[in-house]
**Student:** 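Supplied in structure tokens, the structure appears directly below.
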Amino acid sequence: MYETITSPISYGGISLKNRVIFAPTSMGLRGEDLTARLGRIAAGGCAMIIIGDVPVLPHAFVPSLYTEKGRAFYRALADAVHREGCLLCAQLHQSDANIRAMGKYLPGVLTGRISKEALRPLLNQQVGPYITNLPQKKIRKITESFGTAAELALQAGFDMIQVHGDRMCGSFSSSVFNHRTDCYGGSAENRARFAVEAVSAIRRRLPDIPIDYKLAVRREAPHYGNAGVLEEELPVFVPLLEAAGVTSFHVTLANHGALTDTIPPKNHPAFGAEGCFLPLCDRVRALTALPICGVGGLTDPDFVEKQLRRRRVDCVAMSRQLIADPDWPRKAAEGRTGEIRRCVRCNKACLGGMMAHQGVHCIYEKEEIL
Ligand SMILES: Cc1cc2nc3c(=O)[nH]c(=O)nc-3n(C[C@H](O)[C@H](O)[C@H](O)COP(=O)(O)O)c2cc1C
Ligand code: SF4
């Protein structure tokens with residue numbers, strides 16, 4: 001019934017057992033809790049899990065690829081996921097938050113004068129000056145570190161690398177934030193240079209590794225997303241990224257705006273429908289023969305099978321649906337679709353839990369302790 005969902009594929013050179021990927025999702029959990037949760041998602045039958053936001057430089061607050069302790073954590077995670085026949089992908093990222101500017105708002109946050117909702121636009125205002133003034137030497141250090149981090153990720157048991165095309169790659173790509181006048185700013189080619197150098201650094205060190213690129217697309221009229229690649233500039237970015245060594249594209253809406261645009265609730269004015277970001281995949285499909293993974297509001301097996309069969313996308317990534325029911329892939333494969341706990345895109349316990357620093361959960365959790 002769902003032959004395409006359940007069929008294997010070479011996704012940019014890596015063999016996936018089926019077409020379902022757990023989208024990069026910062027779970028707000030640590031250590032064994034995170035390993036157990038992701039192990040549970042792997043046991044539900046998805047082909048690969050993407051670990052969101054793995055820093056490319058040493059980092060004090062999240063497991064770092066640069067410490068033995070951090071690598072041991074990732075190794076344990078990889079073992080847990082591999083035991084379920086699932087692969088593990090590291091989403092490599094560099095934050096574009098200006099730490100110094102963040103310090104300025106800290107007293108306001110601590111005293112409650114600045115709410116978390118108010119903090120986000122304030123920090124976004126700092127991205128432009130930060131990106132525009134970043135010294136070239138620092139830029140080269142960061143882009144080079146994508147290569148180092150990718151090597152370390154493989155040593156730590158990851159099977160694939162995804163370059164996070166939002167965050168710093170995305171803010172360099174966007175004329176909203178990037179007002180540089182050197183070779184990293186101005187034309188679309190120049191604004192693509194940061195991302196191209198990051199991908200090239202990985203490709204130089206690891207000639208055979210598949211490299212997925214989270215292609216964050218922004219649009220005007222109406223305006224959605226601030227970082228990332230403007231829809232009209234995709235014909236410049238996609239071939240450059242492909243030539244640098246990207247082997248597949250994970251296509252979604254760009255961020256640095258409201259979180260509810262990239263993680264849209266069902267009542268979102270533009271992105272409330274099933275498969276809300278697939279029109280962006282269509283734009284990319286016209287520009288490359290590389291495999292494409294779609295993401296965003298994918299919950300219905302019939303709908304997903306149809307998109308895959310039409311080759312609108314080659315794989316589908318799900319975040320909230322696999323949080324709501326990790327067994328979606330297994331239930332679809334066994335024709336038990338009536339038993340799937342469908343994500344209703346309420347954002348209450350997943351995004352809500354993340355924002356409240358209580359970890360990512362789901363309204364269905366009372367029914368099954370995940
Ligand atoms: C709680 C939560 C955390 C997320 N963390 C990340 C992340 O770390 N990196 C990333 O690229 N996307 C992140 N996302 C976005 C998802 O990968 C995905 O693009 C988005 O949720 C839309 O897909 P969905 O409708 O299947 O949830 C997160 C989403 C949620 C709900
Ligand atoms: S809390 Fe709501 S939006 Fe989040 S995973 Fe559960 S059903 Fe989906």
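Order of appearance sets the numbers: ligands from 1, and atoms from 1 within every ligand. Just the heavy atoms: all of them, side chains too, but no hydrogens, waters or symmetry mates, feed the values below.
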**Student:** Below 30° counts as parallel, above 60° as perpendicular, anything between as tilted: where do the rings of Phe158 and Tyr74 land?
**Tutor:**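 Rings of Phe158 and Tyr74: tilted, as their planes differ by 30° to 60°.
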**Student:** Just to confirm my output: which protein heavy-atom neighbour is closest to atom 27 (O) of ligand 1, and how far is it?
**Tutor:**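 Answer, as residue, atom name and distance: Arg320 NE, 2.8 Å.
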**Student:** Which residue supplies the protein heavy atom nearest to atom 5 (N) of ligand 1, what is that atom called, and how far is it?
**Tutor:** Ser26 N, 2.9 Å
**Student:** Check whether the side chains of Ser7 and Arg19 place a donor and an acceptor atom closer than 3.5 Å, and report yes or no.
**Tutor:**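 Yes, side-chain donor-acceptor contact under 3.5 Å.
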**Student:** Considering only heavy atoms of Gly296, which atoms of ligand 1 have at least one such atom less than 4.0 Å away?
**Tutor:**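 So the answer, numbered in order with elements, is 22 (C), 23 (O), 25 (O).
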**Student:** Answer yes or no: is there a donor N or O on one side and an acceptor on the other, between the side chain of Glu242 and the main chain of Thr288, under 3.5 Å?
**Tutor:**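 No, Glu242 side chain to Thr288 backbone: no donor-acceptor pair under 3.5 Å.
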**Student:** Heavy-atom count check: over 12 atoms from other residues, nucleotides or ligands less than 6.0 Å from Glu32 CD?
**Tutor:** no
**Student:** Supply the atom-to-atom distance Ile323 CD1 to His361 NE2, rounded to the nearest 0.5 angstrom.
**Tutor:**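 One finds 10.0 Å between CD1 of Ile323 and NE2 of His361.
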**Student:** Taking atom OH of Tyr2 and atom CG of Asp302, what is their separation to the nearest 0.5 Å?
**Tutor:** 3.5 Å
**Student:** Report, in ascending order of atom number, the atoms of ligand 1 lying under 4.0 Å from any heavy atom of Gly297.
**Tutor:**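 Taking each heavy atom of Gly297 in turn, ligand 1 has 24 (P), 25 (O) under 4.0 Å.
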**Student:** Quick one: look up the protein heavy atom nearest atom 2 (C) of ligand 1 and list residue, atom name and how far away it is.
**Tutor:**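 Protein heavy atom at minimum distance: Thr25 CG2, 3.6 Å.
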**Student:** Would you mind checking if Glu365 and Arg341 are paired as a salt bridge, meaning a charged N to carboxylate O distance below 4.0 Å?
**Tutor:** no
**Student:** How long is the span from the CD atom in Gln94 to the OG atom in Ser171, to the nearest 0.5 Å?
**Tutor:**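 Rounded to the nearest 0.5 Å, the CD-OG separation comes out at 9.5 Å.
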**Student:** Can you find an N/O atom of Thr252 closer than 3.5 Å to an N/O atom of ligand 1?
**Tutor:** no
**Student:** Determine, using heavy atoms of Gln321 and all atoms of ligand 1, whether some pair is separated by less than 4.0 Å.
**Tutor:**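 Contact absent.
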**Student:** Would you please say whether a donor-acceptor pair under 3.5 Å links the side chains of Arg320 and Asn347?
**Tutor:**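 Yes, a side-chain donor-acceptor pair sits under 3.5 Å.
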**Student:** Using a strict cut-off of 4.0 Å, indicate which atoms of ligand 1 neighbour a heavy atom of Asp53.
**Tutor:** 8 (O), 9 (N)
**Student:** Give the residue and atom name of whichever protein heavy atom lies nearest to atom 9 (N) of ligand 1, and the separation in Å to one decimal.
**Tutor:**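 For this ligand atom, the closest protein heavy atom is Gln91 OE1, 3.1 Å.
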**Student:** What is the number of protein N/O/S atoms located under 2.8 Å from atom 6 (Fe) of ligand 2?
**Tutor:**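 Total protein N/O/S atoms under 2.8 Å from atom 6 (Fe) of ligand 2: 1.
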**Student:** Do ligand 1 and Ile323 have nitrogen or oxygen atoms that lie under 3.5 Å from each other?
**Tutor:**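 No - when backbone and side-chain N and O of Ile323 are compared with those of ligand 1, no distance drops under 3.5 Å.
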**Student:** Under 4.0 Å from ligand 1, counting heavy atoms only, is it the side chain of Val295, its backbone, both or neither?
**Tutor:** side chain
**Student:** Identify the protein heavy atom lying closest to atom 29 (C) of ligand 1, giving its residue, its atom name and the separation to 0.1 Å.
**Tutor:** Ile263 CD1, 3.4 Å
**Student:** Quick one: nearest non-hydrogen protein atom to atom 1 (C) of ligand 1, plus distance?
**Tutor:**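 It is Val360 CG2, 3.5 Å.
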**Student:** Name the closest protein heavy atom to atom 20 (C) of ligand 1, giving the residue it belongs to and the distance to 0.1 Å.
**Tutor:** Thr262 O, 3.6 Å
**Student:** Show me which atoms of ligand 1 lie under 4.0 Å from any heavy atom of Met318.
**Tutor:** 26 (O)
**Student:** Please report the interatomic distance CE(Met27) to CG(Asp33), rounded to the nearest 0.5 Å.
**Tutor:**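 Interatomic distance, Met27 CE to Asp33 CG, rounded to 0.5 Å: 10.5 Å.
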**Student:** Do ligand 1 and Arg167 have nitrogen or oxygen atoms that lie under 3.5 Å from each other?
**Tutor:** no
**Student:** Please write down residue, atom name and distance for the protein heavy atom closest to atom 6 (C) of ligand 1.
**Tutor:** Pro24 O, 3.1 Å
**Student:** With only distance considered, is Lys214 within less than 3.5 Å of ligand 1 through an N or O on each side?
**Tutor:** yes
**Student:** List in chain and number order the residues that pass ring pair (Phe, Tyr, Trp, His ring centres under 6.0 Å) with Phe271, two or more places apart in sequence or in another chain; answer none if no residue qualifies.
**Tutor:**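 Here the qualifying residues are Tyr224, His268, Phe277.
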**Student:** Thr4 and Glu305: side-chain donor and acceptor closer than 3.5 Å?
**Tutor:**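 Judged by distance alone, the side chains do pair up.
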**Student:** So between Ala324, Ser319, Pro265, whose heavy atom ends up nearest atom 26 (O) of ligand 1?
**Tutor:** Ser319
**Student:** Flag yes if more than 12 heavy atoms outside Arg30 fall under 6.0 Å of its CZ atom; otherwise flag no.
**Tutor:** no
**Student:** I need the minimum non-hydrogen distance between Ser64 and Pro58, along with the two atoms involved.
**Tutor:**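 In terms of heavy atoms, the two residues are closest at OG-CA, 3.8 Å.
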**Student:** How close do Glu189 and Leu240 get, heavy atom to heavy atom, and via which atoms?
**Tutor:**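 Nearest heavy atoms, Glu189 then Leu240: CA-CD1, 4.2 Å.
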**Student:** Would you call the rings of Phe172 and Tyr184 parallel, tilted or perpendicular if under 30° counts as parallel and over 60° as perpendicular?
**Tutor:** perpendicular
**Student:** Give the atoms of ligand 2, by number and element, whose distance to some non-hydrogen atom of Arg345 is under 4.0 Å.
**Tutor:** 3 (S)
